[in-house]
Enquirer: 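I have a structure here, written as structure tokens, and I will follow up with some questions on it.
For clarity, every value in this text was computed on a predicted model and none was experimentally measured.
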Amino acid sequence: MSSKENYRIELRTAIRQLSDRCLYAASKWAAEQLVGIEQDPAKFTPANTRFQRGSSSIRRRFRTNEITSTPAAGVSYVSTPVMEEDDIVDGDFYLLAKSYFDCREYRRAAHALRDQNGKKSVFLRCYALYLAGEKRKEEEMIELEGPLGKSDVVNGELVSLERELSTLRKNGTIDPFGLYLYGLVLKDKGSKSLARTVLVESVNNYPWNWSAWSELQSLCTTVDILTTLNLNNHWMKDFFLGSAYQELRKHNESLAKYEYLQGNFAFSNYIQAQIAKAQYSLREFEQVEAIFEDLLRNDPYRVEDMDMYSNVLYAKECFSALSYLAHRVFITDKYRPESCCIIGNYYSLKGQHEKSVVYFRRALKLNRNYLSAWTLMGHEYVEMKNTPAAVEAYRHAVDINPCDYRAWYGLGQAYEMMSMPFYALHYFKKSVFLQQNDSRLWIAMAKCYETDQLHMIEEAIKCYQRAVNCNDREAIALHQLAKLHFELERSDEAAYYYKKDLERMEAEDREGPNMVETLLFLAQYYRDQKRFEEAEVYCTRLLDYTGPEKETAKSLLRGMRMEQSGGPSMDVEHFPP
């Protein structure tokens with residue numbers, strides 16, 4: 001039997017087991033991977049080939065090399081764990097409790113299972129109590145602090161659940177689903193180390209519960225923690241590592257994992273979306289846009305991850321495409337946090353920042369821990385010059401995820417607006433530590449060093465050099481390097497960077513003040529070096545302009561011709577950058 005057929009059998013079984021225990025998010029994830037497995041061509045029918053047309057070319061484009069359906073040389077997976085079923089059959093009471101649970105009557109569900117001792121019933125009873133506590137916590141947070149405020153409210157069921165699940169684990173009468181819930185409870189209580197241990201036990205015994213993998217990933221905040229996990233080498237581990245690498249900003253490693261997984265899950269929309277996320281972090285916007293267009297063709301009512309697509313369209317200023325996407329998600333499900341963020345981006349691009357804030361706040365009412373909404377709302381407040389509100393929004397974002405470089409960068413911008421460069425530099429340093437390949441962060445830090453309060457020109461030069469190495473798309477760093485070296489009277493270094501900047505402007509067909517400044521400096525520099533032919537080339541180009549630079553170029557040319565003919569040279573005042 002092929003590995004793909006094995007995966008299908010495992011996933012079909014897992015979908016039934018997860019749904020039976022009301023773990024619907026994990027069941028949905030497993031179902032999406034099931035239909036993402038490449039089908040046997042002999043079994044193709046019009047009903048099961050919807051992922052084949054119009055998408056394979058895009059998918060192949062991002063695969064660095066052809067991958068076979070079997071593991072790479074030297075890789076072997078552990079045998080698939082067998083899920084032990086209960087000896088006790090709960091029957092009618094379990095069905096009643098599951099019905100209550102599906103109707104979100106969690107305490108009624110728990111009460112219906114109060115006398116049932118089977119593992120499935122114990123899990124569902126405890127899970128229902130946990131969700132009842134979460135529901136009550138959300139209600140109290142709104143009552144006490146408002147939907148966007150901070151609150152110290154906790155889930156009131158955590159203590160009793162921890163006591164019961166801890167006893168079951170010690171007695172060896174807990175199943176992998178109970179271990180998952182126990183890990184969730186420990187994480188909420190702040191016992192992160194024990195939570196990791198328990199969640200590893202859960203996924204080693206039952207690897208198809210993606211919810212357990214996701215909780216484990218949230219506890220792996222460093223690469224060192226990730227490498228110490230004692231995980232079985234099941235194929236689900238590859239999905240976990242791909243996602244964990246992405247969160248730890250190891251984007252190339254993440255891409256390698258997902259491209260490998262495409263060997264068996266060639267038509268998985270989830271994998272395509274994850275590849276798009278990694279490409280987005282690497283600022284490969286053209287590729288990200290192509291992937292999301294492909295995803296929407298295959299799954300036109302998809303809302304998940306579409307807020308990232310809207311960020312790409314916003315960065316590229318694609319008004320019509322962003323308008324179409326906002327209308328699409330509004331019709332599909334306007335009360336999803338992702339939908340609200342997309343609509344907020346649309347209004348932001350139109351310059352309607354107050355209306356944009358309304359939608360970001362709506363997203364936070366739906367999910368107060370929705371990171372993108374806090375960060376984007378902070379950006380809007382910066383545009384509105386409301387720096388105290390911007391700082392508050394960014395601080396919420398870093399409280400949720402201290403590894404969000406965009407929020408740290410936003411804090412730096414806000415303090416820069418308040419003319420507090422020391423604070424701004426502190427936050428820019430945090431952002432650049434988390435995202436070292438983003439030229440914008442290095443440029444922001446360099447500008448802080450250039451301020452009158454700091455005036456650390458050498459440090460600014462180092463930052464601009466890093467920005468150049470990070471492919472400065474805005475073409476700021478080269479010009480600033482030239483100006484700073486000129487300021488330090490390093491004419492040779494200044495000429496080197498001005499020439500580099502000129503080459504880039506010519507390649508991109510750009511004109512403007514920077515072009516004039518560059519041509520003037522180079523003309524004067526080569527005249528001083530007695531390299532008159534090169535100086536004349538730059539002077540001749542300046543004659544095409546109509547400002548004072550034209551008269552300066554004429555004066556330079558007259559002076560050089562007189563000097564070449566043996567007459568007295570004419571001093572021309574150096575044009576300061």
Enquirer: Can Lys462 and Glu459 be counted as an ion pair, charged N to O under 4.0 angstrom?
Expert: yes
Enquirer: Is it the case that atom OH in Tyr423 sees more than 12 heavy atoms from other parts of the structure closer than 6.0 Å?
Expert: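 Incorrect, the count does not exceed 12.
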Enquirer: Of the non-hydrogen atoms in Arg510 and Ala475, which two are nearest, and what is the gap between them?
Expert: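 Smallest heavy-atom distance, with atoms named: NH2-CB, 3.2 Å.
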Enquirer: Under the 3.5 angstrom rule, does the side chain of Tyr346 hit a backbone N or O of Ser356 as a donor-acceptor pair?
Expert: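 It does not hold such a pair.
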Enquirer: Just say parallel, tilted or perpendicular for the rings of Trp408 and Tyr427, cut-offs at 30° and 60°.
Expert: parallel
Enquirer: Does a side-chain N-to-carboxylate-O contact under 4.0 Å join Glu286 and Lys316?
Expert: yes
Enquirer: Is the shortest side-chain N to carboxylate O distance from Lys483 to Glu450 below 4.0 Å?
Expert: no
Enquirer: Apply salt bridge (charged side-chain N to carboxylate O under 4.0 Å, His left out) to Glu503 and Lys499, showing your working.
Expert: CA-CA 6 Å; Glu503 290 170 1; Lys499 200 163 185 180; 5.8 Å; no
Enquirer: Any ion pair linking Lys135 and Glu138 (charged N to carboxylate O, less than 4.0 Å)?
Expert: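 Looking at Glu138 and Lys135, the cut-off is not met.
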Enquirer: Determine whether the aromatic ring centres of residues His396 and Tyr370 are separated by less than 6.0 angstrom.
Expert: no
Enquirer: If I take atom CH2 from residue Trp442 and atom CD from residue Gln435, how far apart are they, to the nearest 0.5 angstrom?
Expert: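 Rounded to the nearest 0.5 Å, the CH2-CD separation comes to 11.5 Å.
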Enquirer: Please determine whether the number of non-hydrogen atoms from other residues, nucleotides or ligands lying under 6.0 Å from atom CZ of Phe319 exceeds 12.
Expert: yes
Enquirer: Hey, could you give me the CZ/CG distance between Phe265 and Leu34, rounded to the nearest 0.5 Å?
Expert: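 Answer rounded to 0.5 Å: 9.0 Å.
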Enquirer: Hey, mind stepping through Phe267 and Val35 against side chain to side chain contact (heavy atoms under 4.5 Å, CB included) and telling me if it holds?
Expert: CA-CA 7 Å; Phe267 302 106; Val35 299; over 6 Å; no
Enquirer: Once you round to the nearest 0.5 Å, how far does CG of Leu441 lie from CZ of Arg466?
Expert: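 Rounded to the nearest 0.5 Å, the CG-CZ separation comes to 11.0 Å.
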Enquirer: Of all heavy-atom pairs between Ser431 and Tyr405, which one has the smallest distance, and what is that distance?
Expert: CB-O, 3.5 Å
Enquirer: Report the residue from Met377, His353, Glu383 that forms a side-chain contact (heavy atoms from CB on, under 4.5 Å) with Ser348.
Expert: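 Testing each of Met377, His353, Glu383 against Ser348, the sole residue satisfying side-chain contact (heavy atoms from CB on, under 4.5 Å) is His353.
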Enquirer: Can you tell me if Tyr24 and Asp102 form a side-chain donor-acceptor pair at under 3.5 Å?
Expert: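 Yes, side-chain donor-acceptor contact under 3.5 Å.
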Enquirer: Taking everything shown except Arg504 itself, do over 12 heavy atoms lie less than 6.0 Å from its CZ?
Expert: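 Count over threshold, so yes.
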Enquirer: Which value, rounded to the nearest 0.5 Å, describes the distance between Met505 atom CE and Glu511 atom CD?
Expert: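 With rounding to 0.5 Å, CE (Met505) is 8.5 Å from CD (Glu511).
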Enquirer: Scan side-chain atoms only and decide if Gln480 and Tyr497 contain a donor-acceptor pair under the 3.5 Å cut-off.
Expert: no
Enquirer: Which class fits the ring pair Tyr280 and Phe285: parallel under 30°, tilted 30 to 60°, perpendicular over 60°?
Expert: tilted
Enquirer: Stepwise, does the side chain to side chain contact (heavy atoms under 4.5 Å, CB included) test hold for Phe428 with Cys463?
Expert: CA-CA 11 Å; Phe428 285 140; Cys463 290; over 6 Å; no
Enquirer: Output the distance between atom SG (Cys220) and atom CD (Gln217), rounded to the nearest 0.5 Å.
Expert: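 Here the rounded value is 7.5 Å.
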Enquirer: Just how far is it from atom CG of Asn269 to atom CD of Glu32, taken to the nearest 0.5 Å?
Expert: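 CD of Glu32 is found 7.0 Å from CG of Asn269.
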Enquirer: With a 4.0 Å cut-off, would you call Arg361 and Glu380 a salt bridge?
Expert: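 Answer for the salt bridge query: no.
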Enquirer: Determine whether Tyr245 and His251 make a side-chain contact, defined as any pair of heavy atoms from C-beta on separated by less than 4.5 Å.
Expert: no
Enquirer: Can you find a heavy atom in the side chain of Asn311 that is under 4.5 Å from one in the side chain of Asp307?
Expert: no
Enquirer: Can you name the nearest heavy-atom pair linking Ser310 to Asn345, along with the distance?
Expert: OG-ND2, 2.9 Å
Enquirer: Test side chain to side chain contact (heavy atoms under 4.5 Å, CB included) on Lys192 and Leu186 and set out the steps.
Expert: CA-CA 7 Å; Lys192 294 183 178 179; Leu186 290 169; over 6 Å; no
Enquirer: Is a salt bridge present between Asp294 and Arg297, judged by a nitrogen-to-oxygen distance below 4.0 Å?
Expert: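 Judged by the 4.0 Å cut-off on N to carboxylate O distance, Asp294 and Arg297 do form a salt bridge.
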Enquirer: Which one of Ile457, Leu484, Leu425, Ile461 satisfies the side-chain contact (heavy atoms from CB on, under 4.5 Å) criterion with Tyr449?
Expert: Leu425
Enquirer: Judged by atom type as modelled, is there a donor-acceptor pair below 3.5 Å linking the side chain of Arg336 to the main-chain atoms of Val329?
Expert: no
Enquirer: With a 4.5 Å cut-off on side-chain heavy atoms, are Glu293 and Glu289 touching?
Expert: yes
Enquirer: Where is the tightest heavy-atom contact between Gln33 and Ser268, given as atom of each residue plus distance?
Expert: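 Shortest heavy-atom separation between Gln33 and Ser268 comes out as OE1-OG, 2.7 Å.
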Enquirer: Specify the closest pair of heavy atoms between Gly242 and Lys257, including all atoms of both residues, with the distance to one decimal.
Expert: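 Smallest interatomic distance, heavy atoms only, reads CA-CB, 3.9 Å.
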Enquirer: Are Val398 and Asp404 close enough, and set up right, to give a side chain to side chain contact (heavy atoms under 4.5 Å, CB included), and what steps lead you there?
Expert: CA-CA 6 Å; Val398 296; Asp404 180 23; 5.5 Å; no
Enquirer: Should the ring pair Trp210 and Phe239 be called parallel, tilted or perpendicular, given that the plane angle runs from 0 to 90° and is split at 30 and 60?
Expert: perpendicular
Enquirer: Anything under 30° is parallel, anything over 60° is perpendicular, the rest tilted; go ahead and classify Phe101 against Tyr106.
Expert: perpendicular
Enquirer: Hey, does Leu325 have a side-chain heavy atom less than 4.5 Å from the side chain of Leu296?
Expert: yes
Enquirer: Using the ring of each side chain (for Trp, its six-membered ring), is Tyr347 parallel, tilted or perpendicular to Tyr359, with breaks at 30° and 60°?
Expert: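 Rings of Tyr347 and Tyr359: parallel, as their planes differ by under 30°.
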Enquirer: Is the NZ or CZ atom of Arg406 positioned over Tyr409's six-membered ring, under 6.0 angstrom from the centre and within 45° of the axis?
Expert: no
Enquirer: Please answer whether the main-chain N or O of Gln274 pairs with a side-chain N or O of Gln246 as donor and acceptor at a distance below 3.5 Å.
Expert: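 It does hold such a pair.
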Enquirer: Under 3.5 Å, side chain of Arg283 to main-chain N/O of Asp438, donor-acceptor pair present?
Expert: no
Enquirer: Nearest heavy-atom pair of Leu219 and Ala195: which atoms, and what distance?
Expert: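 Minimum heavy-atom separation between Leu219 and Ala195: CD1-CB, 3.7 Å.
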